Amino acid sequence: MIGEIPGVPVGQPYASRVLASEAKVHRPRIAGICGTKSAGAESIVLSGGYKDDEDLGDVIIYTGHGGQDGSGNQVSDQSLDDSGNAALVTSHLQGLPVRVIRGSKSESVYAPQSGYRYDGLYRVASYGSKLGIDGHLIWQFRMEAALGTPTPVIEADQLPVDSPRSDANAPVGNDTPDRASSNVQRIVRSSQVKNAVKRWHSDQCQVCGITIETPGGTYSEGAHIQALGRPHNGPDRTDNVLCLCPNCHVKLDTGAIVIEDSLTVIENGVAAGSLRTHPQHTLSLECIRSHRERWRR
DNA sequence: GGGCCCGCAGGG
DNA sequence: CCCTGCGGGCCC
């Protein structure tokens, strides 16, 4: 389950990994990353297992997994083929939220005094590779606190001796949790619809035919033909979604291209080829017409 | 404190 | 199935 776990507030402590696992907050009992390449990452744990990590509170530089010898030393290169790392790449490409759990063994001032603590949702802002402290290639993911995720409280005995407790360290609840979590669930649902379409087309743009290759795999965007929400109110279904490259996505959203009932693509008033199709991917003519109506001139 | 080994759930 | 992993307890 991606996003918040219902009934689990930000700041929720767990005495052990087993308890966090039973609460479904972070299911693996040992591994630091939970997730799959196809669905994205559910959650990560910062527990001091990788020395290249940096914890700045609302920003975390999180090291991917793999390449260690079992006692915390990096002895070989990490790879994006590793499932956890691939999962974080997917979360980045699709803008999906990741639950963050801090453990007491992390060196960070934001670490809990003991056990583990759920610290809310973060997004994978960017990622890249570099040579780690031990001289092997590592992949790192920049995690940024999502809107509504507070910077964690610095627990009392972590404060520098002279610094008074400030209001900034007062316990923080979750602002408008219901609305935030329903937004998250809507993003997740919508991304499942888009993923189905992208899989059918193997990330090849249905308009221009290109496939973008990245170190983390191929990339495409799921583009709604009839826009979601007011005033267009398009359905979030696969028959209202196209697999497009970012350029063609912009063109579709701005009316630079429209689509005829015959699936001919019209650009600058002239036919510019035919939409690529897939047998399992039926399209809604109603949505295509609605998009055309929107950009009639 | 470090080393070891027993774990099991997740993922491919 | 097999393999791995930001545990954890116990022993030294």
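A, B, ... follow the sequence lines: proteins, then strands. Residue 1 opens every chain. Everything numeric here is computed off the predicted structure, so don't read it as measured data.
- R17(A) has its CZ atom 16 Å from the C1' atom of dG9(C), to the nearest Å.
- Remark: side-chain polar atoms of R17(A) are paired, donor with acceptor, to backbone N or O of P28(A) under 3.5 angstrom.
- Looking at heavy-atom distances under 4.0 Å, G35(A) makes contact with sugar-phosphate atoms alone, never a base.
- For H92(A), there are no side-chain hydrogen bond (donor to acceptor under 3.5 Å, both in side chains) partners, not counting sequence neighbours.
- Protein atom CD1 of I44(A) is 10 Å distant from nucleotide atom C1' of dC6(C), rounded to whole Å.
- For the residue pair T63(A)/D53(A), the side-chain donor-acceptor check at 3.5 Å is satisfied.
- Using modelled atom types, no side-chain atom of Q204(A) and backbone atom of I212(A) make a donor-acceptor pair closer than 3.5 Å.
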- request: Take L242(A) and L283(A) through the side-chain contact (heavy atoms from CB on, under 4.5 Å) test and state the conclusion after the steps.
  value: CA-CA 9 Å; L242(A) 295 176; L283(A) 289 172; 3.8 Å; yes

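- We find that CZ of F141(A) is positioned 13 Å from P of dC6(C), with the value rounded to whole Å.
- Of all nucleotides in DNA chain B, those with any atom nearer than 4.0 Å to a heavy atom of chain A start and finish, going 5' to 3', at dG7(B) to dG12(B).
- Rounded to whole angstrom, the span from the CG atom of L19(A) across to the P atom of dG8(C) amounts to 9 Å.
- Whole-Å rounding puts the K105(A) NZ to dG5(C) P distance at 16 Å.
- Less than 4.0 Å separates DNA chain C from at least one heavy atom of each of the following residues of residues 48-55 of chain A: G48(A), G49(A), Y50(A), D53(A).
- Following rounding to the nearest Å, R29(A) (CZ) and dC3(C) (P) show an atom-to-atom distance of 21 Å.
- In this structure, E22(A) atom CD and dG7(C) atom C1' are separated by 14 Å, rounded to whole Å.
- Taking atom CZ of residue R27(A) and atom P of nucleotide dC6(C), one finds them 15 Å apart after rounding to whole Å.
- A salt bridge is defined here as a Lys NZ or Arg NE, NH1 or NH2 lying under 4.0 Å from an Asp or Glu carboxylate O, and R296(A) with E293(A) meets this definition.
- Using a 4.0 Å cut-off between charged nitrogen and carboxylate oxygen, R117(A) and E155(A) count as a salt-bridge pair.
- Residue E221(A) is tested with Q94(A), K194(A), K198(A), H249(A) for a side-chain hydrogen bond (donor to acceptor under 3.5 Å, both in side chains); the sole match is H249(A).
- Taking 4.5 Å as the limit, every side-chain heavy atom of N195(A) sits out of range of all side-chain heavy atoms of S38(A).
- Toward the 5′ end of DNA chain B lies the nearest nucleotide of I30(A), the other residue of the pair I30(A) and K24(A) mapping further downstream.
- The salt bridge (charged side-chain N to carboxylate O under 4.0 Å, His left out) search around D239(A) returns R237(A), not counting sequence neighbours.
- As judged by a 4.0 angstrom heavy-atom cut-off over every strand, G66(A) is placed among residues touching the sugar-phosphate backbone only.
- Y116(A) has no side-chain polar atom (N or O) that falls below the 4.0 Å cut-off from OP1 or OP2 of dC6(C).
- Look at D236(A) and R186(A) and you find no salt bridge, because none of the NZ, NE, NH1 or NH2 atoms lies under 4.0 Å from a carboxylate O.
- Residue-level contact check: S16(A) touches the backbone only, with heavy atoms under 4.0 Å from sugar-phosphate atoms and none from bases.
- Consecutive pairing runs in DNA chain C reach the stem threshold at B:1-6 with C:7-12, B:8-12 with C:1-5, where a stem means at least three Watson-Crick or G-U wobble pairs with distances under 3.5 Å.
- Scored by the ring pair (Phe, Tyr, Trp, His ring centres under 6.0 Å) test, F141(A) finds Y127(A) as partners (sequence neighbours excluded).
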